[in-house]
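This is a predicted model, so every value here is computed, not measured. Heads up: numbering here begins at 1 and tracks the sequence.
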Amino acid sequence: MQEETARFAIDTFISAFNAPDDSHVTALLSQALTSDVVFWGPLGRSEGIAEVERFVLEIRRHPAGTGTMVRCSAVDMPDEWARYQWVFTTPDGGPRLAGTDVVHLRRSLIDQVIVFAGEIEPSAS
């Protein structure tokens, strides 16, 4: 049951990137995130839904065109932490970015997001 709740919050968060228009982004994020969410993104740490919304809107306005964000793995959830992999693809074979997010859930909502964008290079032996 806990994993299903996490999956719902995660998929709702991801759906904000794919909303039919910008006016739906805030409502989707409010269904998935706590108001005091801490977001560790590619540009550093930020707090609150408004900051996450700003990030989502920037991604939605990618110079190569509006892309699609999808969860491409199962949700792995030990206790209140969960991780999943995602892929963002722009139209017409444009840039593609993949990564892994780690999220913490509090009362069925995501209160922390840590974004790991890109592939991890193998270690040099």
Side-chain angles (χ1 to χ4, degrees):
M1 184 68 136
Q2 186 177 11
E3 198 166 294
E4 185 176 313
T5 300
R7 195 168 31 254
F8 177 79
I10 290 164
D11 289 346
T12 303
F13 170 61
I14 289 172
S15 71
F17 291 89
N18 304 317
D21 59 62
D22 289 351
S23 67
H24 291 88
V25 172
T26 304
L28 289 166
L29 292 176
S30 295
Q31 293 174 40
L33 309 174
T34 62
S35 61
D36 62 346
V37 63
V38 176
F39 184 79
W40 295 88
L43 302 176
R45 181 183 190 273
S46 58
E47 292 184 35
I49 289 178
E51 292 299 314
V52 178
E53 179 180 17
R54 186 181 346 269
F55 175 78
V56 170
L57 293 174
E58 285 177 15
I59 297 295
R60 289 173 56 83
R61 296 180 181 119
H62 193 282
T66 303
T68 303
M69 179 78 71
V70 296
R71 178 171 55 84
C72 61
S73 74
V75 172
D76 179 29
M77 185 172 189
D79 205 21
E80 72 265 11
W81 289 94
R83 68 179 175 165
Y84 60 93
Q85 295 178 317
W86 52 266
V87 173
F88 175 78
T89 308
T90 56
D92 301 324
R96 179 182 182 275
L97 182 63
T100 300
D101 284 1
V102 176
V103 299
H104 183 267
L105 284 98
R106 182 177 76 213
R107 293 187 305 272
S108 305
L109 295 173
I110 298 168
D111 69 349
Q112 294 183 60
V113 179
I114 305 169
V115 177
F116 294 93
E119 302 293 326
I120 297 176
E121 297 295 322
S123 62
S125 304

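When hydrophobic clusters are built by joining Ile, Leu, Val, Met, Phe, Trp and Tyr residues whose side-chain heavy atoms come closer than 4.5 Å, directly or via intermediates, I10 is not grouped with V102. The hydrophobic clustering, which links ILVMFWY residues whose side-chain heavy atoms are closer than 4.5 Å, places M77 and F116 apart. Hydrophobic clustering places V37 together with W86 (ILVMFWY residues linked when any side-chain heavy atoms are closer than 4.5 Å, directly or through intermediates). Residues V25 and L33 fall within the same hydrophobic cluster, defined by Ile, Leu, Val, Met, Phe, Trp and Tyr side chains chained together at heavy-atom separations under 4.5 Å. V56 and V87 fall into different hydrophobic clusters, where Ile, Leu, Val, Met, Phe, Trp and Tyr residues are linked whenever their side-chain heavy atoms come under 4.5 Å apart, directly or through other members.
For the side-chain hydrogen bond (donor to acceptor under 3.5 Å, both in side chains) test, residues two or more places apart in sequence or in another chain that qualify with D21 are S23, H24. With sequence neighbours excluded, no residue satisfies ring-ring contact (aromatic ring centres under 6.0 Å, His included) with W40. With sequence neighbours left out, L109 forms a side-chain contact (heavy atoms from CB on, under 4.5 Å) with T34. Under the salt bridge (Lys or Arg N to Asp or Glu O under 4.0 Å) criterion, R96 pairs with no residue at all, not counting sequence neighbours.
The distance from atom CH2 of W81 to atom CD1 of I114, rounded to the nearest 0.5 Å, is 5.0 Å. The CZ atom of F13 lies 7.0 Å from the CG atom of L29; values are rounded to the nearest 0.5 Å. Rounded to the nearest 0.5 angstrom, S108 OG and Q31 CD are separated by 13.0 Å. Note that the CG atom of L57 and the OG1 atom of T26 stand 7.0 Å from one another [nearest 0.5 Å]. Remark: D101 CG to I14 CD1 distance equals 7.0 Å, nearest 0.5 Å. Atoms CZ and CD1, on F88 and I59 in that order, are 6.0 Å from each other to the nearest 0.5 Å.
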Using a 3.5 Å cut-off and no angle test, enumerate the donor-acceptor pairs between side-chain atoms of residues 63-76 and protein atoms at least two apart in sequence or in another chain.
| from | atom 1 | to | atom 2 | distance (Å) |
| --- | --- | --- | --- | --- |
| R71 | NE | D11 | OD1 | 2.7 |
| R71 | NH1 | S73 | O | 2.6 |
| R71 | NH2 | D11 | OD1 | 3.3 |
| R71 | NH2 | D11 | OD2 | 3.0 |
| S73 | OG | Q85 | N | 2.8 |
| D76 | OD2 | R83 | NE | 2.8 |
| D76 | OD2 | R83 | NH2 | 3.1 |

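Side-chain contact between V38 and H104 is absent, with no heavy atoms from C-beta onward closer than 4.5 Å. Under the 4.5 Å side-chain criterion, counting only non-hydrogen atoms from C-beta, V52 is not in contact with V113. A heavy-atom distance below 4.5 Å is found between the side chains of F55 and F39.
Taking both residues in full, the closest heavy atoms of A32 and A9 are given as CB-O, 3.3 Å, listed atom of the first, atom of the second, then distance. For the pair L105 and A82, the tightest heavy-atom approach, listed with the atom from each and the gap, is CD1-CB, 4.4 Å.
Under the salt bridge (Lys or Arg N to Asp or Glu O under 4.0 Å) criterion, the residue pairs touching residues 26-53 are D36-R106, R45-E47, E51-R54, with sequence neighbours excluded.
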